[in-house]
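It should be emphasised that the depicted structure is a prediction, and the values quoted were computed from it without experimental measurement.
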Amino acid sequence: MESFKSSQVSNWSVYGIPAFQDNYLWAIVHEPSKACMVVDPGCSKSVQGFLDSNGYHLSGILITHHHMDHVGGIDALLSKAAKGISVYGPATGRVAQVNRPVREGDTVDVHCLVAQVIEVPGHTSDHLAYVIELKDTMKSDEVWMFPGDTLFSGGCGRLFEGTPQQMFESLQKLNQFPANTRIFCAHEYTESNLRFARAYSPDSKTIQERETEVRRIRELGESTIPTTLREERLSNLFINAKNPLEFKQIREAKDNF
């Protein structure tokens with residue numbers, strides 16, 4: 001699958017850049033200036049190819065967490081970019097290239113758009129999400145969310161470092177945004193996530209319907225991402241868990257599925 005435009009509001013666009021087996025690297029582009037901020041550039045070849053083929057230039061990097069499929073391309077990209085590129089990421093020092101550490105409540109300027117920094121531990125202990133509410137600058141009702149490996153279409157990330165309580169609370173944080181929030185998650189896991197959801201909740205018609213639609217999309221070789229919070233509230237067992245105990249039970253079932 002080649003890179004694809006997944007959203008556009010006025011002069012700003014979001015592109016998906018497929019990488020590895022099932023990763024999506026996200027590019028936020030200010031079209032008039034050709035400036036491109038990349039989220040979690042795990043693969044430099046994929047990102048550099050996207051930049052070169054479209055005449056864009058790297059203007060900054062947003063990092064959600066330290067796993068190599070999210071940070072492995074940083075050095076190579078910086079070596080070809082202009083000096084002084086800002087690399088935003090967790091303030092814990094686990095990503096050596098981060099020169100602009102950020103925490104909960106901080107904001108990042110993304111080509112004059114304001115990205116909120118949200119701490120969402122669970123997948124890792126210092127995981128971040130970035131959320132851009134376009135109403136702040138563009139008078140648009142769109143919201144763009146980049147949750148890394150915290151929230152997936154139909155699922156959520158594995159708990160490598162955090163606890164079920166932490167991940168439950170992190171998902172609740174993300175679920176506070178409007179229903180039309182576009183979720184640019186980092187992996188194409190939708191089909192397998194919904195296969196589990198249907199097995200776990202076989203009487204849910206909304207899950208069955210969504211699984212059928214997702215299978216159709218994937219058979220066409222197309223992406224199921226971005227999803228929306230509206231869609232996730234209808235078919236994502238994890239974001240709909242009522243409490244940490246229920247979340248833990250669902251997560252353990254998925255881990256053993």
Side-chain angles (χ1 to χ4, degrees), residues 7 14 24 26 28 39-40 62-67 70 88-92 94-95 98 100-110 113-137 140-187 189-190 193 197 225-252 254-255:
S7 192
V14 180
Y24 290 127
W26 298 104
I28 309 169
V39 183
D40 286 347
L62 300 176
I63 299 298
T64 63
H65 65 293
H66 68 279
H67 288 165
H70 293 253
Y88 299 88
T92 51
R94 300 171 86 178
V95 181
V98 168
R100 299 289 296 274
V102 288
R103 297 176 173 83
E104 176 91 22
D106 288 342
T107 58
V108 175
D109 180 356
V110 182
L113 300 178
V114 178
Q116 304 173 46
V117 179
I118 303 173
E119 294 179 358
V120 284
H123 182 66
T124 64
S125 59
D126 54 355
H127 201 297
L128 301 178
Y130 300 90
V131 179
I132 299 173
E133 295 187 83
L134 288 143
K135 67 180 182 181
D136 294 339
T137 50
S140 167
D141 63 355
E142 276 205 31
V143 180
W144 294 344
M145 177 184 291
F146 301 88
D149 286 355
T150 297
L151 175 60
F152 292 132
S153 176
C156 74
R158 285 181 177 268
L159 305 183
F160 288 116
E161 297 177 356
T163 66
Q165 175 83 34
Q166 286 178 314
M167 183 62 102
F168 172 80
E169 292 175 354
S170 293
L171 291 176
Q172 293 306 303
K173 276 187 185 181
L174 298 181
N175 200 21
Q176 296 304 307
F177 289 91
N180 68 333
T181 298
R182 291 181 179 269
I183 303 166
F184 301 93
C185 52
H187 291 275
Y189 289 163
T190 313
N193 284 339
I225 313 299
T227 181
T228 65
L229 275 177
R230 178 180 292 109
E231 189 65 70
E232 297 312 300
R233 289 166 184 166
L234 291 172
S235 55
N236 189 319
L237 298 176
F238 298 95
I239 207 169
N240 288 320
K242 297 180 177 62
N243 53 60
L245 178 59
E246 181 181 3
F247 173 86
K248 181 181 179 181
Q249 293 171 339
I250 299 169
R251 185 65 258 178
E252 289 177 348
K254 177 64 166 63
D255 290 342

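- The distance from the CZ atom of R103 to the CG atom of D126 is 11.0 Å, given to the nearest 0.5 Å.
- Annotation: side chain of R251 is not in contact with side chain of M167 (no heavy-atom distance under 4.5 Å).
- Pairing each heavy atom of P164 with each of P244, the nearest pair is CB-O, 4.3 Å.
- Judged by distance alone, with hydrogens and angles left aside, the side-chain atoms of E119 form a donor-acceptor pair with the main-chain N or O of E104 at under 3.5 Å.
- Rounding to the nearest 0.5 angstrom, the gap separating the CZ atom in R233 from the CD1 atom in I239 is 7.0 Å.
- Here the shortest heavy-atom pairing between N180 and D141 reads ND2-O, 2.7 Å.
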### Task
Check the pair N193, F238 against side chain to side chain contact (heavy atoms under 4.5 Å, CB included), reporting the backbone distance first and the verdict last.
CA-CA 10 Å; N193 284 339; F238 298 95; 5.9 Å; no
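- Note that the NE2 atom of H66 and the OG1 atom of T92 stand 8.5 Å from one another [nearest 0.5 Å].
- Side-chain contact between V117 and Y130 is present, with at least one heavy-atom pair separated by less than 4.5 Å.
- Between E232 and G155 the shortest heavy-atom distance is OE1-N, 4.4 Å.
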### Task
Could you please spell out the steps behind the side-chain hydrogen bond (donor to acceptor under 3.5 Å, both in side chains) verdict for Q176 and Q172?
CA-CA 7 Å; Q176 296 304 307; Q172 293 306 303; 4.7 Å; no
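- Other residues, nucleotides and ligands contribute at most 12 non-hydrogen atoms within 6.0 Å of the CZ atom of R100.
- Counting heavy atoms from C-beta outward, H65 and L128 have side chains that stay 4.5 Å or more apart.
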### Task
Please assess H70 against D149 for the test side chain to side chain contact (heavy atoms under 4.5 Å, CB included), listing each intermediate value before the final yes or no.
CA-CA 10 Å; H70 293 253; D149 286 355; 3.1 Å; yes
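- In this pair, F184 and F146 present their aromatic rings parallel. The plane angle is below 30°, not in the 30 to 60° band.
- When side chains are defined from C-beta on, I183 does not count as touching E231, because their heavy atoms never get closer than 4.5 Å.
- Within the 4.5 Å cutoff, the side chain of P90 has heavy atoms near those of the I63 side chain.
- In this structure, F247 and L159 approach most closely via the heavy-atom pair CE2-CD1, 4.2 Å.
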### Task
Would you sort out whether V131 and I118 count as a side chain to side chain contact (heavy atoms under 4.5 Å, CB included), showing the intermediate values?
CA-CA 8 Å; V131 179; I118 303 173; 3.6 Å; yes
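- Put simply, CG on L151 and NZ on K173 are 14.0 Å apart, with the number rounded to the nearest 0.5 Å.
- Between A241 and F168, the closest heavy-atom pair is O-CE1, 3.2 Å.
- For the side chain to side chain contact (heavy atoms under 4.5 Å, CB included) criterion with P121, the lone passing option out of E161, E169, Q166, Q165 is Q166.
- Considering CG of N236 and CZ of F152, their distance stands at 11.0 Å, rounded to 0.5 Å.
- Remark: K248 NZ is loosely packed, at most 12 non-hydrogen atoms of other residues, nucleotides or ligands lying under 6.0 Å away.
- Two residues are said to be in side-chain contact when any heavy atoms from C-beta on lie closer than 4.5 Å; H123 and T64 fail this criterion.
- At least one side-chain heavy atom of W26 sits under 4.5 Å from a side-chain heavy atom of I225.
- Taking the six-membered ring where the residue is Trp, H67 and F160 present perpendicular rings, their angle passing 60° and hence far from 30°.
- Between the side chains of H127 and T150, at least one donor N or O lies within less than 3.5 Å of an accepting N or O.
- With rounding to the nearest 0.5 angstrom, the CD1 atom of I132 is 10.0 Å from the OG atom of S7.
- Contact detail for L229 and F177: the closest heavy-atom pair is CD1-O, 3.5 Å.
- Using a 4.5 Å heavy-atom threshold, the side chains of L174 and P147 count as touching.
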